[in-house]
Number of protein chains: 2
Amino acid sequence: MRIGELAERTGVSVRSLRYYEEQGLLSSERSSGGHRHYTEHEIDRVEYLQRLYAAGLSSQTILRVLPCLESPSQATSDAAFEQLVVERDRLQAHIAGLSTTLASLDELIALNRAKRS
Amino acid sequence: MRIGELAERTGVSVRSLRYYEEQGLLSSERSSGGHRHYTEHEIDRVEYLQRLYAAGLSSQTILRVLPCLESPSQATSDAAFEQLVVERDRLQAHIAGLSTTLASLDELIALNRAKRS
DNA sequence: CTTGAATCTCACATCCGTGTCAGATTCTAA
DNA sequence: TTAGAATCTGACACGGATGTGAGATTCAAG
């Protein structure tokens with residue numbers, strides 16, 4: 001499929017897809033004329049990238065953990081694996097903080113609801 | 001206390017504290033010479049602001065929900081309350097997404113660990 | 001073929017909380 | 001009173017993913 005279809009099916013802009021490729025996070029075959037072509041597989045990849053971005057990883061960080069994603073094997077570099085664990089722990093802590101905030105927002109809502117009519 | 005101490009005690013930079021004030025999120029008394037002075041109360045306020053920023057609210061959005069924070073009463077505007085609920089729901093959904101990502105990172109870690117020596 | 005839609009590259013803009021620097025002023029302790 | 005630290009305002013810079021526009025080229029359907 002071409003880039004427009006991939007964009008549509010993933011909900012990610014064409015601009016972003018090109019950016020991901022530029023960052024080394026997404027690959028594509030090129031037609032003789034230079035147009036990018038993707039397989040179904042890239043849909044999952046793009047969606048995973050979006051998840052990682054949403055989790056607060058930068059392009060560079062994602063690049064570092066990619067080997068773990070692509071080939072979970074003994075050959076996977078220690079650096080990639082360690083980075084993966086670091087990011088997991090960071091995300092876990094982040095979620096914990098957000099959960100606390102969520103709880104306090106809930107309290108706030110209850111408090112306000114009580115004081116209203 | 002002065003701005004330097006507030007910064008130190010909250011872990012927020014002096015620059016950011018001034019920015020919060022500029023955005024209408026933080027108030028201060030001024031000395032005759034123009035220096036800002038804060039009470040203990042502002043510590044909580046700053047920490048709460050940090051939580052909201054971390055939860056993905058923009059300055060403007062925080063400004064909108066502030067009335068609910070400051071005076072939970074019948075007088076609190078409907079708009080503020082509704083925005084508060086919107087943000088709570090947004091945060092809830094966001095946490096749910098992150099949790100999914102966390103789970104998949106955990107899987108990935110387990111998978112990689114298994115394949116390594 | 002031809003034509004219009006899609007894609008290409010390159011470059012610059014945007015957002016927004018924060019960093020940082022400059023030059024002036026204020027505060028505090030000796 | 002004076003030196004040095006802290007604060008003041010104002011302005012510009014940054015990071016990083018994404019938006020946007022120009023001008024050229026390619027693709028696909030008639």
Side-chain angles (χ1 to χ4, degrees), chain A residues 1-39 42 45-66 83 87 90-91 94 97-98 101, chain B residues 1-39 42-43 45-66 87 90-91 94 97-98 101:
Chain A
M1 88 193 76
R2 290 189 296 168
I3 198 171
E5 185 180 345
L6 182 58
E8 198 169 358
R9 291 176 67 181
T10 58
V12 174
S13 72
V14 168
R15 174 69 176 88
S16 293
L17 294 177
R18 295 202 189 105
Y19 176 74
Y20 298 166
E21 179 170 323
E22 183 187 320
Q23 298 298 306
L25 306 178
L26 184 65
S27 61
S28 63
E29 297 297 313
R30 296 298 187 109
S31 70
S32 56
H35 285 196
R36 294 171 177 82
H37 280 85
Y38 304 94
T39 65
E42 265 64 55
R45 163 63 69 108
V46 170
E47 285 171 354
Y48 210 98
L49 289 178
Q50 286 274 295
R51 285 205 163 281
L52 296 180
Y53 277 124
L57 281 71
S58 68
S59 294
Q60 193 167 23
T61 302
I62 296 176
L63 194 57
R64 267 200 282 271
V65 306
L66 266 193
Q83 184 75 48
E87 295 307 323
R90 208 188 44 66
L91 179 56
H94 185 55
L98 292 184
T101 303
Chain B
M1 84 192 78
R2 290 188 295 168
I3 198 170
E5 184 180 346
L6 182 59
E8 198 169 356
R9 291 177 66 180
T10 58
V12 174
S13 73
V14 167
R15 174 68 176 89
S16 293
L17 294 177
R18 294 201 190 103
Y19 177 75
Y20 298 167
E21 180 171 322
E22 183 187 321
Q23 298 298 307
L25 305 178
L26 184 64
S27 60
S28 63
E29 297 296 313
R30 296 300 186 108
S31 70
S32 56
H35 285 197
R36 294 171 177 81
H37 280 87
Y38 303 93
T39 65
E42 266 65 55
I43 293 182
R45 163 64 68 110
V46 171
E47 285 171 354
Y48 210 97
L49 290 178
Q50 286 275 295
R51 285 204 162 281
L52 296 179
Y53 277 123
L57 280 72
S58 68
S59 294
Q60 192 166 25
T61 302
I62 296 176
L63 194 57
R64 268 201 281 271
V65 305
L66 266 192
E87 295 306 322
R90 209 189 43 69
L91 179 56
H94 185 54
L98 293 184
T101 303

(message) Closest-nucleotide mapping onto DNA chain C: is B/V14 or A/G34 further toward the 5' terminus? I mean the 5' end.
(response)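 Nearest-nucleotide comparison on DNA chain C picks A/G34.
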Separation of [N] [atom2] from [X] [atom1] (nearest whole Å):
X     : N      : atom1 : atom2 : result
B/H35 : C/dT26 : NE2   : C1'   : 4 Å
B/E5  : C/dC27 : CD    : P     : 17 Å
A/L6  : C/dC8  : CG    : P     : 11 Å
A/E29 : C/dT7  : CD    : P     : 17 Å
A/R30 : C/dC8  : CZ    : C1'   : 8 Å
A/E8  : C/dA6  : CD    : C1'   : 13 Å
B/I3  : D/dA6  : CD1   : C1'   : 11 Å
A/M1  : C/dT7  : CE    : P     : 12 Å

Are [X] and [Y] close enough that some pair of their side-chain heavy atoms sits under 4.5 Å apart?
X     : Y     : answer
A/R30 : A/R36 : yes
B/V12 : B/Y53 : no
B/R90 : B/L57 : yes

If only side-chain N and O atoms of [X] are considered, is one of them under 4.0 Å from the OP1 or OP2 phosphate oxygen of [N]?
X     : N      : result
B/S31 : C/dC27 : yes
B/S13 : C/dT18 : no
B/R36 : D/dC8  : yes

(request) Compare every heavy atom of A/A55 with every heavy atom of B/T101, then report the nearest pair and how far apart it is. (result)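 Scanning both residues completely, I find the closest heavy atoms to be CG2-CB, 4.1 Å.
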(request) Could you list by number each residue of residues 53-66 of chain A showing a heavy-atom separation from DNA chain C of less than 4.0 Å, or answer none if no residue does? (result)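 Heavy-atom contacts with DNA chain C come from no residue of residues 53-66 of chain A; none.
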(message) Need to verify one output field. Residue with the more 5' nearest nucleotide on DNA chain D, A/Q50 or B/G4?
(response)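 The 5'-side residue here is B/G4.
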(request) Could you tell me whether a side-chain N or O of B/E42 sits under 3.5 Å from a main-chain N or O of B/T39, the two making a donor and an acceptor? (result)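 Such a contact is found between B/E42 side chain and B/T39 backbone.
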(request) Taking A/Q23 for its side chain and A/Y20 for its backbone only, find out whether a donor-acceptor pair lies under 3.5 Å. (result)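 Answer holds: no.
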(message) For the CG atom of B/L17 and the OG1 atom of B/T10, what is their distance to the nearest 0.5 Å?
(response)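 Those atoms lie 5.5 Å apart.
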(message) I need the residues from residues 17-27 of chain A with at least one non-hydrogen atom less than 4.0 Å from DNA chain D; give them sorted by number, or say none.
(response)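 Output list: A/Y19, A/Y20.
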(request) Could you walk me through whether B/R64 and B/E87 pass salt bridge (Lys or Arg N to Asp or Glu O under 4.0 Å), step by step? (result) CA-CA 11 Å; B/R64 268 201 281 271; B/E87 295 306 322; over 6 Å; no
(message) For A/E5 and A/R2: C-alpha separation, side-chain torsions, deciding distance, then whether salt bridge (Lys or Arg N to Asp or Glu O under 4.0 Å) applies.
(response) CA-CA 6 Å; A/E5 185 180 345; A/R2 290 189 296 168; over 6 Å; no
(request) Look at the side chain of A/R15 against the base of D/dT18 and say whether a donor-acceptor pair falls under 3.5 Å; ignore hydrogens and angles. (result)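 Per atom types, the contact qualifies.
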